[in-house]
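Sequential numbering from 1 along the given sequence is applied to the chain's residues.
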Amino acid sequence: MGGSELVALRAAGVSLVLDVAGPGVPQVLHWGADLGETRPDLLEQLAAAQDAGGNALPPTAPLLPTQHDRWAGRPGLSGHRDGGPGHLRLSLTEPVTVAIDPTGGGTVTATSHDEVAGIAVRTDLELTPQGLIRQRHAVTNAAPGRWHVDSLLCLLPVPAQAAEVLDFTGRWSRERAPQRSAFGDQTIAHESRRGRTGFGAPSLFTAGTPGFGFRTGEVWGVHVGWSGDHQHLAQRLPDRDGVLGGGELLAPGEVRLAEGETYTGPWTHFAYSASGLDGLSAAVHGWLRARPSHPVSPRPLTLNTWEAVYFDHDLGKLTALARTAAELGVERFVLDDGWFLGRRDDKAGLGDWHVDADVWPDGLHPLVDEVTRLGMQFGLWVEPEMVNPRSRLAELHPDWVLAAPGRLPEEQRWQHVLDVARPEVFEHLLERLDALVTEYRPAYLKWDHNRDLVEAVHDGAAGVHAQTEAVYRLLDALRARHPGLEIESCSSGGSRVDLGVLARTDRVWGSDNNDPLERQHIQRWTGLLLPPELVGSHVGPPVSHTNGRATSLAFRCATALFGHAGIEWDITGCTDDERTALRSWIAAYRRLRGLLHTGRTVRADHPDPTAFLHGVVATDGGHALYAYAQLGSSARDGATRLRLPGLDPAASYRVSLLPELPGPQLHGRPWQPDLVLTGAALAGHGLLAPPLRPAEAFVLELHHQP
């Protein structure tokens, strides 16, 4: 590799080595395990070790590979100028800019162009101090005529050891279900064309050594931070290293650049871990928590009214609910769907964002005043991007629907999508939302989005890209007018969960399903990407609204504890025992949320597939919580050995049950462990716990002992 100029970035156990000598786009020689200090002489030797000699193919491709780079896989950038050939030969226009961060990591910026094709590209890459790589490209049309962008991907190499892929599927109320497949010389692609992130979108699309787990194996993961159509892929050719990556999934003609216009792809996030999936989570969680805008504890205990009253809005009922909530220790009261014009069910009213005087003759002020008098924050549900055909807005502006003229798509949930990219629609929605927030001063908006985008057309072209960007601008504009306003991303539950929307929102609703058995799975895999404080997790009623399953209050509480906790239940009808249990659980959440929302998420590779063992360990290792949940009937009979990961191996810990929640029975008597063991003993040997029945759980609390 004569003429190589290597730069090395290191952070949090990750090394990234690039050849930036040109003449083309930088090439990644290594992304993965920390290589240690790489002095200039060692980098020269590393470059020599990469030299295949003669005309042999280099092992890795550039950051933006094309056929000119002898890359036979998916090109990093593809497009055409009004139907002409789109083959690009990108060359650097100036030396690559590299900035090393003294705290770890750094940034790389490369500008390249194809003078003949009239295309310029800016590539930005960052290795954060937490070990997360963020990458994006921006394409500019520098010549007359239109350049049609067909695809723009961010790609990084993965070695042959990465021979298994973890992907996801999902549906409403069963989001993010994992599925694995072998990764050979092939392309494994996950594509979403729903106009939103999707129920089965990868939290992290991961390649790793076969059999990798939460605590074992080398793994490489990628996440595209985009809330519209997107793609993730793993591809390996017989003559090159594999690649992992993704980007926005563009429809034909969706991005057409006039001379001087630029298309910037979404940030794509890459993480590496030498010790399983928990290491990937640590990188993403750490980066998220380092953002200046990241919501910090105390995250208020929330009551949402949906499963308590549905559309039956009555001031007396809601006031009683608020008083009961405050008495139990709830800190935020959210009025869900049903408060605006004509909204007696989900068939009408969307788009008419005015308080319905027939139901609320004095507006929402009596309820808001009572909620704030009780010491709670007030929150409100909205679904701004949607419209019901049965609404004043649809009657006045039928052309505001995101559709081709005269070709309405099929209704879903009795609603259509508004074309937010139209300036008049954008201004209308911003005015209405601004007026509501100004009048009622909610601390929080639950921002919903309850259908896919189908046959989306804006200004005569495919419209998902423009819609997604417009929604981002709308969120940004509202937050700029109301600093401190928190917004939740809800989309039929968990169908808009991604780092793009979370750049301008404060939490996601993991699922419409509050059944704790399902929530154990959903929260486990949502947590691969997001720390607990960003995932709404509520205690629902005894019988699940979504699937009719009955579960105990203790199991519902143990499940909801590990998130941004809340309640979604008519607690005015609770028994005295249920209120006592809720009050105790709320006290536990309020006592422990500082740990839950700053500590490191850990998940054991527990041998029983019918049970989950997971926890949170403080950053200093001095305090920890672990939950053991039995999800189905186990083939084992008798005591279970629990090996607790993530503790300081040299420290001693006192192990006990979480005092605010009930524990299991052992031979008819309460099991109450009170042990002092080292972190090494707890991880390597563990402790025996009594067998549980399906849908039972308990929580252990550990404190460091001097």
Side-chain angles (χ1 to χ4, degrees), residues 65 73-76 78 133-137 150-158 162-172 174-208 210 212 219-237 242-251 254 265-272 277 280-281 284 452-454 464-465 468 491-502 508 510-511 521-522 524-530:
R74 290 199 184 181
S78 60
I133 293 176
R134 305 173 70 231
Q135 184 186 167
R136 70 177 178 184
H137 306 290
D150 292 336
S151 179
L152 180 62
L153 298 173
C154 293
L155 301 168
L156 288 180
V158 292
E164 184 175 275
V165 165
L166 171 67
D167 188 16
F168 292 83
T169 183
R171 58 172 174 79
W172 176 74
R174 192 63 162 86
E175 291 86 342
R176 287 168 293 284
Q179 53 188 10
R180 292 186 183 232
S181 56
F183 178 27
D185 292 341
Q186 63 190 131
T187 300
I188 301 174
H190 183 118
E191 298 180 344
S192 175
R193 292 179 172 83
R194 296 181 176 275
R196 51 180 173 168
T197 320
F199 298 114
S203 44
L204 283 167
F205 184 84
T206 302
F212 63 84
V219 286
W220 294 258
V222 60
H223 171 86
V224 177
W226 182 248
S227 306
D229 293 345
H230 56 90
Q231 55 184 318
H232 295 77
L233 66 96
Q235 185 171 48
R236 178 172 285 121
L237 306 174
V243 292
L244 191 69
E248 184 179 5
L249 185 61
L250 295 171
E254 190 161 19
W267 283 108
T268 300
H269 308 75
F270 297 85
Y272 165 79
L277 296 169
L280 300 185
S281 295
V284 184
D452 290 345
L453 276 59
V454 176
V464 172
H465 173 79
T468 306
S491 184
S492 308
S495 194
R496 188 152 64 183
V497 175
D498 62 80
L499 296 183
V501 77
L502 274 165
V508 299
S511 177
H521 295 275
I522 293 164
R524 184 179 188 83
W525 295 107
T526 303
L528 183 61
L529 181 72
L530 303 182

Closest approach of [X] to [Y] (non-hydrogen atoms, all atoms of both residues):
| X | Y | answer |
| --- | --- | --- |
| L237 | D185 | O-OD1, 4.0 Å |
| T468 | G228 | OG1-CA, 3.5 Å |
| D150 | L250 | O-CB, 3.7 Å |
| A189 | R74 | CB-NH2, 3.9 Å |
| I522 | T526 | O-OG1, 2.7 Å |
| P266 | V224 | CG-CG1, 3.9 Å |

Would you say [X]'s side chain and [Y]'s backbone share a donor-acceptor pair under 3.5 angstrom?
| X | Y | result |
| --- | --- | --- |
| H223 | L499 | yes |
| R236 | F183 | yes |
| D452 | V454 | no |

Could you check if a side-chain atom of [X] sits within less than 4.5 angstrom of a side-chain atom of [Y], using non-hydrogen atoms only?
| X | Y | answer |
| --- | --- | --- |
| L244 | L155 | no |
| R176 | F199 | no |
| L156 | I133 | yes |
| L204 | H269 | no |
| D167 | P202 | yes |
| V464 | E254 | yes |
| S151 | Q231 | yes |

Once ring pair (Phe, Tyr, Trp, His ring centres under 6.0 Å) is applied, do any residues pair with W267, and if so which ones, sequence neighbours excluded?
none

We want to know whether [X] and [Y] form a side-chain donor-acceptor pair, criterion being a heavy-atom distance below 3.5 angstrom.
| X | Y | value |
| --- | --- | --- |
| S492 | R196 | yes |
| S511 | E175 | yes |
| D229 | S192 | no |

Anything under 30° is parallel, anything over 60° is perpendicular, the rest tilted; go ahead and classify Y272 against W220.
tilted

Parallel, tilted or perpendicular: which fits the ring planes of H190 and H232, with parallel below 30° and perpendicular above 60°?
perpendicular

Counting only heavy atoms not in R194, do more than 12 fall under 6.0 Å of its CZ?
no

What distance do W525 atom CH2 and L530 atom CG have between them, rounded to the nearest 0.5 Å?
14.0 Å

Would L277 and F212 satisfy side chain to side chain contact (heavy atoms under 4.5 Å, CB included), going step by step from the backbone distance to the final call?
CA-CA 8 Å; L277 296 169; F212 63 84; 3.9 Å; yes

